[in-house]
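Okay, structure first, notes after.
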Amino acid sequence: MAEKTGDPRPYNAKKRPSTTEPVAEESKISVPDGWKEQPFTREDNPKGLLEESSFATLFPMYREAYLKECWPLVQKALSEHFVKAELDLIEGSMTVTSTKKTFDPYIIVRARDLIKLLARSVPFEQAVRILEDDVACEIVKIGSMVTKKERFIKRRQRLLGPKGSTLKALELLTKCYILVQGNTVSAVGPYSGLKEVRRIVLDTMNNIHPIYNIKALMIKRELAKDPELRTQNWDRFLPKFRQKNLSKRKEPMKKRIKKEYTPFPPPQLPSKMDKEIESGEYFLKESQRRKKKLEDIKTREAEALVRRQEKRNQAFIPPEEKSYEPKEGKRCDVFSLSGCYKWPQCHHALRLSI
């Protein structure tokens with residue numbers, strides 16, 4: 001009988017956890033500073049693509065004049081990568097199509113992003129950078145994040161800042177071109193910068209001021225310059241801001257106190273006949289009722305007459321006069337040589353009273 005080879009454990013038995021030691025940080029492969037990926041050339045794909053791809057996008061009417069002016073530059077930039085571009089002014093659309101000579105399979109996606117940026121009012125000088133390998137784009141939709149229009153305009157203005165200072169600071173820290181246009185925010189730059197731009201834009205629309213994120217980015221930039229701190233956790237250096245909700249809900253003038261639930265119905269209120277029976281008026285005759293009603297009317301009229309008379313007499317009551325007490329120790333400026341210290345003896349006060 002042949003011996004069994006392989007793992008003697010049954011097929012459903014659990015394997016023991018690995019006891020291998022973790023890999024040391026020094027043995028890990030690290031990307032050197034300033035390293036860039038080699039560009040994709042014709043030699044990497046000499047036979048080209050099998051199928052043609054195309055993308056189209058619409059543009060608003062106010063961009064028609066600018067696109068008509070810069071479209072030759074767009075065609076020239078895309079022709080270097082063997083991509084055909086068409087501008088349809090009647091339908092208001094832009095179309096990019098790959099050709100048989102196109103060798104880069106991803107260039108058609110970058111051409112699609114190029115026409116998207118041009119439709120979102122990004123200038124051609126900044127939008128053409130998307131054709132580079134280390135540059136990407138991001139279009140953040142902010143129109144549906146805030147319900148009220150006034151609040152949306154105020155938070156969108158925070159991204160710009162006074163005279164565009166906040167937007168300029170974000171561009172310097174993230175190395176991205178940022179454009180706030182209508183209900184979208186367009187950004188063009190490296191991948192790491194686009195990630196920060198999207199986070200800051202979303203935080204700003206969620207009522208977090210961008211100055212807090214700008215301060216954190218400045219600290220991160222200084223920490224990245226230190227080779228020892230580059231691989232460590234930076235949470236202890238970054239500021240922690242707590243969001244304070246200062247807006248309190250307006251309390252109603254009349255607060256309704258919720259009563260405890262009882263399965264029994266409330267007691268029945270006494271009717272008019274029940275009240276008359278309790279007071280004894282129900283058993284009186286009609287003449288006695290009229291007599292009592294007249295007495296009540298006369299009593300109310302007498303009380304009202306007394307109140308009116310008191311209100312009239314208040315106009316003839318003299319007001320209380322304020323008692324004036326002389327201030328001792330104050331010297332008169334007019335008769336300072338005579339040594340006048342007491343107010344009743346001051347001749348200057350007597351002359352003013354006359």
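Here, residue 1 is the first one in the sequence, and each next residue gets the next number.
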Under 3.5 Å, is there a donor-acceptor pair between the side chain of H209 and the main chain of I211?
-> yes
Please answer whether the main-chain N or O of S98 pairs with a side-chain N or O of T102 as donor and acceptor at a distance below 3.5 Å.
-> no
Do L305 and E301 come within less than 4.5 Å of each other through their side chains, counting heavy atoms only?
-> no
Those residues that, when tested against N183, pass side-chain contact (heavy atoms from CB on, under 4.5 Å) (two or more places apart) = F152
Going by heavy atoms in the side chains, are L49 and N45 under 4.5 Å from each other?
-> yes
Pair listing, ring-ring contact (aromatic ring centres under 6.0 Å, His included) test, anchored in residues 172-196, at least two apart = none
Evaluate side-chain contact (heavy atoms from CB on, under 4.5 Å) for V306 paired with E303, printing each intermediate quantity in order.
-> CA-CA 5 Å; V306 172; E303 291 176 356; 5.8 Å; no
Counting only N and O atoms by type, is there a donor-acceptor contact under 3.5 Å from the side chain of N313 to the main-chain atoms of Q309?
-> yes
Pairs in or reaching into residues 151-172: which pass side chain to side chain donor-acceptor pair (under 3.5 Å), with residues at least two apart or in two chains?
-> R158-N207
Report, one line per pair, each donor and acceptor closer than 3.5 Å where one atom sits in a side chain of residues 53-67; sequence neighbours left out.
| residue | atom | partner | partner atom | Å |
| --- | --- | --- | --- | --- |
| Y62 | OH | Q181 | NE2 | 3.3 |
| R63 | NE | L118 | O | 3.0 |
| R63 | NH2 | L118 | O | 2.9 |
| R63 | NH2 | V122 | O | 3.4 |
| Y66 | OH | F124 | N | 2.9 |

For S287, which residues count as a side-chain contact (heavy atoms from CB on, under 4.5 Å) partner, sequence neighbours excluded?
-> K285, R290
How would you list, by chain and number, every residue that makes a salt bridge (charged side-chain N to carboxylate O under 4.0 Å, His left out) with K322, sequence neighbours excluded?
-> none
Pairs in or reaching into residues 111-140: which pass salt bridge (charged side-chain N to carboxylate O under 4.0 Å, His left out), with residues at least two apart or in two chains?
-> E138-R198
Tell me, please, which residues at least two apart from R256 pass side-chain contact (heavy atoms from CB on, under 4.5 Å).
-> none
Not counting sequence neighbours, list each pair that qualifies as a salt bridge (charged side-chain N to carboxylate O under 4.0 Å, His left out) and has a residue in residues 258-275.
-> none
Validation: residues 217-227 side-chain donor-acceptor distances under 3.5 Å, sequence neighbours left out:
| residue | atom | partner | partner atom | Å |
| --- | --- | --- | --- | --- |
| D226 | OD1 | E228 | N | 3.3 |

Classify the ring geometry between F82 and F103 as parallel (under 30°), tilted (30 to 60°) or perpendicular (over 60°).
-> perpendicular
Using side-chain contact (heavy atoms from CB on, under 4.5 Å) as the criterion, list what pairs up with A85, not counting sequence neighbours.
-> W71, Q75, L78, V96
Is any side-chain heavy atom of C176 less than 4.5 Å from a side-chain heavy atom of L194?
-> yes
For Y212, ring pair (Phe, Tyr, Trp, His ring centres under 6.0 Å) partners two or more places apart | F241
Validation row: E86, M94 side chains within 4.5 angstrom (heavy atoms) | no
Please report the C-alpha distance between K298 and E295 in whole Å, then the side-chain angles of each, then the deciding distance to 0.1 Å, and finally whether the salt bridge (Lys or Arg N to Asp or Glu O under 4.0 Å) criterion is met.
-> CA-CA 5 Å; K298 289 181 180 179; E295 289 177 358; over 6 Å; no
